[in-house]
Participant: 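I'd like to ask you about the structure that follows.
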Amino acid sequence: MKYYSTRRCAPEVSLSEAVVRGLAPDKGLYMPERIERLSDAFFDGIASLSDHEIACRVADAFFGEDIPREELHRIVCDTLSFDTPVVQVDESIRSLELFHGPTLAFKDVGARFMARMLSHFIGSGAGPVTVLVATSGDTGSAVANGFLGVEGIDVIVLYPKGKVSEIQEKQFTTLGRNITALEIDGTFDDCQRLVKSAFLDEELNRRFRLTSANSINVARFLPQAFYYFIAYAALRRTGETREAVFSVPSGNFGNITAGLFARRMGLPVKRFVAANNRNDIFLQYLRTGIYSPRPSVATIANAMDVGDPSNFARILDLYGGSVEAIRSNIEGYAYDDDRIREAIGETLESTGYLLDPHGACGYLALRESLRENEVGIFLETAHPAKFLATVEAAAGRKIDIPQRLAAFMEGEKRSVELPSDFESFKRYLRQRE
Ligand SMILES: *Cc1c(COP(=O)(O)O)cnc(C)c1O
């Protein structure tokens, strides 16, 4: 399968090139040239398939031409080493819990898949690949854990000193093995600048095989389609006959875009709901037809604090640039911090279900969006305990911390402290050789 750039000013590339490059040279995002419609027989029988069987069928449609079948299925099954259950919250709303992976957030799926696919493409030749990733918190943990112990890959996580939460920091500084954490005396933007400069630096590129594990990478983004099919099958198993609406707490819009791909593959989804916090750029676009990015504001659903969602380009491309077409498939809603806090408290009280601040936006949006004879599924994108202080205050009580999360807290932090100038970073990389 070939991949083209959303800007269409770069050559089409193979899957392996799209994965190693991440971003196209014209700064567009890679898109697969075809989206295969799965057969009616597949959907008719989906309730009797296992999660792994479903995911393998979806993976075949995208990657089957480029990776030998057995190897691809091994990658899929390794990736989904944890469940993605659908849990009933109330009469018409279900939660698709995507927080049962190693870092308790949905990004585990994409990161684990990408690590394994990259490892497949680089093979055993030409020495290790060095993955550079700048993080403001959550991406670093998903990428570090996704790549942990994967052969032929070294991961260097750059993060701003003192600017990530303790639990986030522990999730990528305690791992050791092929993961190194660099604690940069600066901001997230400084970390990102160092990574970008490294990719442009001739000497470093001669000495190292550098790549990024950015969330726009097709190998991180496409596997997120798996769990829409898996959730649909779970609904069917409960005898559900109402039409399904998916609500997705959205920041960079990668997760929801993977859902749109699933629908193109024939998944019977009535519509999608994009749930935002106060960073409601997409909602404003739906209302006005004008896309106007603006600087993000900080909220308690901080993984959605995005002012210029990178996957917007993919959504536009999927719908031929037509806002009417987009409106016919996606509704938008947005909530401020007070409303999110209230929803966490109210929902716990009335249903016994504990939301995290991101899932709370997805849940609220379904409450507004659902109509007669529809069942809503929101993506619960992270475990509430990852946002302990916020959630405990909103819920008005202590909450249990899962063992996997507690285990990170007990690990010993190891990091390399560096100033934020490029020369120091370069010197550090050189001496690693
Ligand atoms: C990254 C993230 C999101 C936003 O997902 P996008 O694919 O960027 O829209 C939502 N919730 C949580 C917990 C996240 O970590």
Side-chain angles (χ1 to χ4, degrees), residues 29 84 95-114 133 135-146 164-165 167-168 171-172 188 213-228 246-262 272-283 285 293 296 299-315 330 332-335 340 344 354-365 378-388 390-391 405:
L29 277 62
T84 55
S95 168
L96 170 56
E97 294 186 345
L98 300 174
F99 56 68
H100 296 278
T103 72
L104 301 94
F106 81 91
K107 289 186 177 75
D108 282 330
V109 174
R112 291 173 67 77
F113 189 87
M114 179 180 169
V133 56
T135 185
S136 55
D138 276 339
T139 302
S141 54
V143 169
N145 284 273
V164 306
S165 77
I167 182 66
Q168 285 174 327
Q171 286 185 318
F172 52 77
F188 169 65
N214 200 292
S215 69
I216 47 104
N217 197 296
V218 290
R220 273 193 64 188
F221 143 74
L222 282 173
Q224 297 172 156
F226 298 162
Y227 41 70
Y228 289 91
F246 276 97
S247 174
V248 189
S250 293
N252 263 323
F253 281 71
N255 215 1
I256 196 170
T257 306
L260 299 172
F261 272 69
F272 287 88
V273 177
N276 282 149
N277 57 27
R278 277 170 59 221
N279 297 282
D280 65 348
I281 289 80
F282 186 77
L283 172 61
Y285 166 75
S296 63
T299 76
I300 57 170
N302 60 2
M304 295 164 22
D305 295 349
V306 178
D308 186 5
S310 47
N311 283 288
F312 183 70
R314 283 195 170 114
I315 297 180
I330 316 175
Y333 295 94
Y335 303 98
I340 295 171
I344 293 172
L354 185 63
L355 297 161
D356 96 291
H358 306 81
C361 295
Y363 175 77
L364 281 170
F378 67 95
L379 276 55
E380 184 39 291
T381 48
H383 193 286
K386 286 195 90 168
F387 311 92
L388 197 63
T390 305
V391 172
L405 197 57

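The analysis underlying the following values was restricted to heavy atoms, covering all of them including side chains, and did not include hydrogens, waters or symmetry mates. All values derive from a computational prediction rather than experimental measurement. Whatever order the structure lists them in is the order used to number ligands and atoms, beginning at 1.
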Participant: Go through the side-chain N and O atoms of Thr299 and Asp305 and say whether any donor and acceptor fall under 3.5 Å apart.
Facilitator: yes
Participant: Can you confirm if the aromatic rings of Phe99 and Phe106 lie within a centre distance of less than 6.0 Å?
Facilitator: no
Participant: Answer whether the closest heavy-atom distance between the side chains of Ile340 and Cys361 falls below 4.5 Å.
Facilitator: yes
Participant: Report all N/O contacts between ligand 1 and the protein shorter than 3.5 Å as a table of atom names and distances to 0.1 Å; if there are none, say 'none'.
Facilitator:
unit_1   : atom_1 : unit_2 : atom_2 : d
ligand 1 : 7 (O)  : Gly254 : N      : 3.2
ligand 1 : 7 (O)  : Asn255 : N      : 2.9
ligand 1 : 8 (O)  : Asn252 : N      : 2.8
ligand 1 : 9 (O)  : Gly251 : N      : 2.8
ligand 1 : 9 (O)  : Asn252 : N      : 3.3
ligand 1 : 9 (O)  : Phe253 : N      : 2.8
ligand 1 : 11 (N) : Thr381 : OG1    : 2.8
ligand 1 : 15 (O) : Lys107 : NZ     : 2.5

Participant: Does NZ or CZ of Arg314 lie under 6.0 Å from the centre of the six-membered ring of Phe221, at an angle within 45° of the ring axis?
Facilitator: yes
Participant: With a 6.0 Å cut-off on the ring centroids, do Tyr228 and Phe246 count as close?
Facilitator: yes
Participant: Determine whether Thr103 and Leu405 make a side-chain contact, defined as any pair of heavy atoms from C-beta on separated by less than 4.5 Å.
Facilitator: no
